[in-house]
Structures are given as structure tokens and as C-alpha cells.
2 protein chains.
Amino acid sequence: MNSLGETIRKLREDKELPLRTVAAFLDIDQAILSKIERGQRNANRKQVIKLAEFFKVKETDLLISWLSDKLVYEVADEDVALKTLQVAEEKVKYNKTKRK
Amino acid sequence: MNSLGETIRKLREDKELPLRTVAAFLDIDQAILSKIERGQRNANRKQVIKLAEFFKVKETDLLISWLSDKLVYEVADEDVALKTLQVAEEKVKYNKTKRK
DNA sequence: ATTTATTTTGAATGATTTTGTCAAAAGTAC
DNA sequence: GTACTTTTGACAAAATCATTCAAAATAAAT
């Protein structure tokens, strides 16, 4: 249930790699990676995919972690956060059946 | 389970009001309202609140509808959409307990 | 069917947000 | 202390988003 940032920081530290190394692989400045790891910046899809490749973890897992972070952020200061997520879920389910 | 746009279009048509009238109340161009009703543009919070006032419906209901639309949009083309929403839900729940 | 009212579209513009770079400051380990 | 890593914040470029406007399309009324 960790954020993407926490997840990749742990992966990186377990391998004892500096930000520099991972950032180079992603082709971004290490400052950005630092911010991503601490949840100060959002990664983009390409970066998430490359991170999965780099750390050899399931791409889908990382994508879900990343996307759900974005959703949580979007409803963060709403007291209707939970309700909103539940309604969104129903809408997605409904769209699924509807589409063809 | 309707989108915000569908909801307010119905409200407006039931009262047989032109876009112009509602748009004037919101202090926006009618073109924008037209787009909002058809889901081509996102409303902002202030507009949603004014819409609730105008149509005399529960502000919270409209806000949830609006916010959930945004979430659905964000995960729309993901095949992990549902999973993502569920994970987001867990994260929100977790944050709730954590935050004192 | 012509006129009138309403709605939709899209191009242009402006504002805001996002994304990134860089260099200096802060922190860690030796 | 020095060397290395991480964090910070100012700044610029790019991308996204909101808005306006006028014209085109649609619908309604007579």
C-alpha cells in the first residue's frame, strides 16, 4: 500500500544505487527523481515504465501504484473522498458493460 | 450514476431554460456551459457550487458527481482502472486512520 | 419554407500547470 | 576536513487547459 515514491526509493536503496544512476537510465535530472521519490513531483507514464524495467518489477504493479497516487492526490482534501472513489468505481463498471 | 454534464443538462431542460440563462448566472460564456454539459470540458469547483445553488440541489451530490467524473477520466483508458480505484480507496482509508 | 432562437464547433488567445535544468545548500560517510 | 549524495529553489521551456468570439449547425415557431 505504499506510494510509488516509497516503493522505488526502497528498490533503489536495497541495491545501494545513487539517484544519479537511476536518473540517467530514465534520462532525467537526478533532482526530479529525488522529488518523485519523495512524492513532490509526479512521474509520467514513460518514467514509470522505465522504472519497472530498471528494477525488474511488474510494470502493471508500478502503474497501478502510480495512478492510484494521482487519484488519491486529486481527492485528498475532500471530505467526500471515499464516496467519490466509490462512485467513480461504479461509473467505471457501468462504462465497461456499456461499451459494446 | 450520471455524469455531472448529463445531470445539469437534464435539470436545465426540465426547467426549459436556454444555456444563456444558466451561463449568465455562472458568469461564463454559454459555449463553455455547452461543453461542460456534454463532457467536453471540465467544470471547476466554483461553477459546480453555483450550479447547485442555481438548481437548488445538494451541493455535495454535485461535487461528488463532478469529482468522480474527473477520476473516471483519469483512468479511463487503463485496463487497470478498477484495480487502481480500489487501491486508491485503500490508500485513502489508510491515510484517514493515520492522520490523527 | 423562412425567420428566430438556441446550441455547437473550432480557431485564436491567454493563463496556468507541468516538466525540466542548473547550481548552490544541506546532509552523509569516510 | 574531503568526497559523494541528496535536497532545494529559482528559472525557463513546453505542454495543457480555460476562455472568448464568431460562424456554422440545429431546432422551434409561425
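So you know, we letter chains A, B, ... as the sequences are listed, proteins then strands, and number each from 1.
Between C:dT6 and B:Arg20, a contact under 4.0 Å exists linking OP1 or OP2 to a side-chain N or O. Distances shorter than 4.0 Å separate some side-chain N or O of A:Arg12 from OP1 or OP2 on D:dT6. Checking the phosphate oxygens (OP1, OP2) of D:dT6, no side-chain nitrogen or oxygen of A:Ser34 falls inside 4.0 Å. A sub-4.0 Å separation between OP1 or OP2 of C:dT8 and a side-chain N or O of B:Arg9 is present. When the side-chain nitrogen and oxygen atoms of A:Arg41 are compared with OP1 and OP2 of C:dT19, none of them lie within a distance under 4.0 Å.
When distances run from any side-chain atom of A:Pro18 to the nucleotides D:dT7, D:dT5, D:dC21, the shortest one goes to D:dT5. Closest to the A:Ala31 side chain, of the nucleotides C:dT7, C:dA23, D:dC21, is C:dA23.
Separating the CD1 atom of B:Ile32 from the C1' atom of D:dT20 is a distance of 7 Å, rounded to the nearest angstrom. What separates CZ of A:Arg38 from P of D:dT7 is a distance of 5 Å, to the nearest Å. A:Glu37 places its CD atom 12 Å from the C1' atom of D:dT5, with the value rounded to the nearest Å. When the P atom of D:dT16 is taken as reference, atom CG of A:Asn42 falls 15 Å away, rounded to whole Å. Note: CG (A:Leu33) to P (C:dG20) measures 11 Å, nearest angstrom. Atom NZ of A:Lys70 is separated from atom C1' of C:dT18 by 11 Å (rounded to the nearest Å). Atom CG of B:Asp29 is separated from atom P of C:dT9 by 15 Å (rounded to the nearest Å). The distance between atom CD of A:Glu16 and atom P of C:dA29, rounded to the nearest whole Å, is 11 Å.
We find that B:Glu89 and A:Lys83 are not joined by a salt bridge, their nearest charged nitrogen and carboxylate oxygen being 4.0 Å or further apart. Classification of B:Glu37 and B:Arg12 as a salt-bridged pair holds, one side-chain N sitting under 4.0 Å from a carboxylate O.
Nearest heavy-atom pair across A:Leu85 and B:Val92 is CD1-CG2, 3.6 Å.
Each of B:Tyr73 and B:Gln30 lies near DNA chain D, and the nucleotide nearest B:Tyr73 is the one positioned closer to the 5' end.
The CD1 atom of B:Ile32 lies 10.5 Å from the CD atom of B:Gln30; values are rounded to the nearest 0.5 Å.
Geometrically, B:Lys50 engages B:Phe25 in a cation-pi contact, judged by NZ or CZ lying under 6.0 Å from the ring centre and within 45° of the ring axis.
Interface remark: the A:Lys35 side chain does not form any donor-acceptor pair with the C:dG20 base, using a distance-only criterion of under 3.5 Å.
Residue-level contact check: A:Gln40 touches the backbone only, with heavy atoms under 4.0 Å from sugar-phosphate atoms and none from bases. Contact annotation for A:Glu13: no contact, since no heavy-atom pair falls under 4.0 Å across all strands.
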